[in-house]
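Just so it is clear: chains get the letters A, B, ... in the order the sequence lines come, proteins before strands, and each one is counted from 1.
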There are 2 protein chains.
Amino acid sequence: MIVDVTLRQGIADPEGATIERALPALGFSGVSNVKAGKSFRMTIDAESESAALEKATSLAERLLSNPVIEDAAARLGERVAT
Amino acid sequence: MIVDVTLRQGIADPEGATIERALPALGFSGVSNVKAGKSFRMTIDAESESAALEKATSLAERLLSNPVIEDAAARLGERVAT
């Protein structure tokens with residue numbers, strides 16, 4: 001399961017802004033809207049994919065992100081057979 | 001375009017390990033292999049999707065990751081019409 005945590009719309013993103021400013025000097029043009037975020041990969045034991053997704057979503061919202069400034073979304077990565 | 005940066009196999013991940021250790025006390029069981037990573041979202045002006053992907057991959061490997069300890073992969077997010 002993969003949880004993506006991104007800054008909410010309108011929250012200042014100094015890391016993304018710094019990367020964006022540095023790019024032209026490093027030879028990359030035409031890149032805009034750079035946003036930095038975090039991701040977490042994990043294995044979840046669950047009865048079904050939907051149960052795992054629900055668990056990951058709850059975990060993402062309660063523990064892995066700060067809901068005041070961040071959005072969190074869980075998605076299925078590769079499935080591990082048991 | 002979304003660039004995912006993850007720690008290479010075998011590199012210690014104290015952030016992931018700490019999250020994993022904290023989970024049972026917070027009511028989440030059955031979660032293992034927690035790995036922390038970074039993600040970057042950006043808009044790239046390019047002739048085609050493959051050109052954008054190539055640019056993002058080069059940028060990911062050269063600037064957004066430390067190839068000694070991290071793997072970087074670029075993938076297409078939503079497409080912005082022009």
Side-chain angles (χ1 to χ4, degrees), chain A residues 1-9 13 15-48 51-65 70-75 77-80 82, chain B residues 1-9 13 15-48 51-65 70-75 77-80 82:
Chain A
M1 196 67 68
I2 303 172
V3 170
D4 292 301
V5 177
T6 50
L7 285 168
R8 280 176 183 273
Q9 201 77 24
D13 179 359
E15 185 178 355
T18 304
I19 293 167
E20 193 168 330
R21 230 169 21 236
L23 288 172
L26 294 160
F28 291 96
S29 57
V31 182
S32 58
N33 286 320
V34 180
K35 304 273 170 210
K38 285 179 285 184
S39 67
F40 300 91
R41 268 144 229 273
M42 66 201 73
T43 306
I44 297 187
D45 282 345
E47 296 281 305
S48 64
L53 200 58
E54 200 175 301
K55 198 166 177 177
T57 303
S58 145
L59 203 157
E61 287 169 357
R62 289 182 44 204
L63 303 170
L64 299 176
S65 68
E70 291 170 331
D71 283 320
R75 62 193 163 89
E78 79 267 43
R79 201 190 156 115
V80 185
T82 46
Chain B
M1 196 67 69
I2 303 171
V3 170
D4 291 302
V5 177
T6 50
L7 285 169
R8 279 176 181 273
Q9 202 78 23
D13 179 0
E15 185 177 356
T18 304
I19 293 168
E20 194 169 331
R21 233 171 17 240
L23 288 174
L26 294 161
F28 291 95
S29 58
V31 181
S32 58
N33 287 320
V34 181
K35 303 273 171 210
K38 284 179 285 186
S39 67
F40 300 92
R41 268 143 229 272
M42 66 200 73
T43 306
I44 297 187
D45 282 344
E47 297 281 305
S48 64
L53 200 59
E54 200 175 301
K55 197 165 179 179
T57 302
S58 144
L59 201 156
E61 287 169 357
R62 289 181 47 206
L63 303 169
L64 299 177
S65 68
E70 291 169 333
D71 284 320
R75 61 192 163 90
E78 79 268 43
R79 202 191 156 114
V80 185
T82 47

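Annotation: salt bridge (charged side-chain N to carboxylate O under 4.0 Å, His left out) contacts of R62(B) (sequence neighbours excluded): none.
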Would R41(A) and D4(B) count as a side-chain contact (heavy atoms from CB on, under 4.5 Å) here? Give the steps.
CA-CA 11 Å; R41(A) 268 144 229 273; D4(B) 291 302; 4.0 Å; yes
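Screening residues 24-35 of chain B for salt bridge (charged side-chain N to carboxylate O under 4.0 Å, His left out) gives no qualifying pairs among residues at least two apart or on separate chains.
At a threshold of 4.5 Å between non-hydrogen side-chain atoms, the residues L23(A) and L63(B) count as touching.
Interface remark: E20(A) contributes no atoms to any contact with chain B (heavy atom separation under 4.5 Å).
For chain A, the option among A56(B), A46(B), S39(B) with the highest count of heavy-atom pairs below 4.5 Å is S39(B). With chain A as partner, the option from V34(B), T6(B), I2(B) having the largest number of non-hydrogen pairs under 4.5 angstrom is V34(B).
Rounding to the nearest 0.5 Å gives a distance of 6.0 Å between OG of S32(B) and CG of D45(A).
None of V31(A), N33(A), I19(A) except one satisfies the side chain to side chain contact (heavy atoms under 4.5 Å, CB included) rule with M42(B); the exception is V31(A).
Looking at every heavy atom in both residues, F28(B) comes nearest to K55(A) through CE2-O, 4.1 Å.
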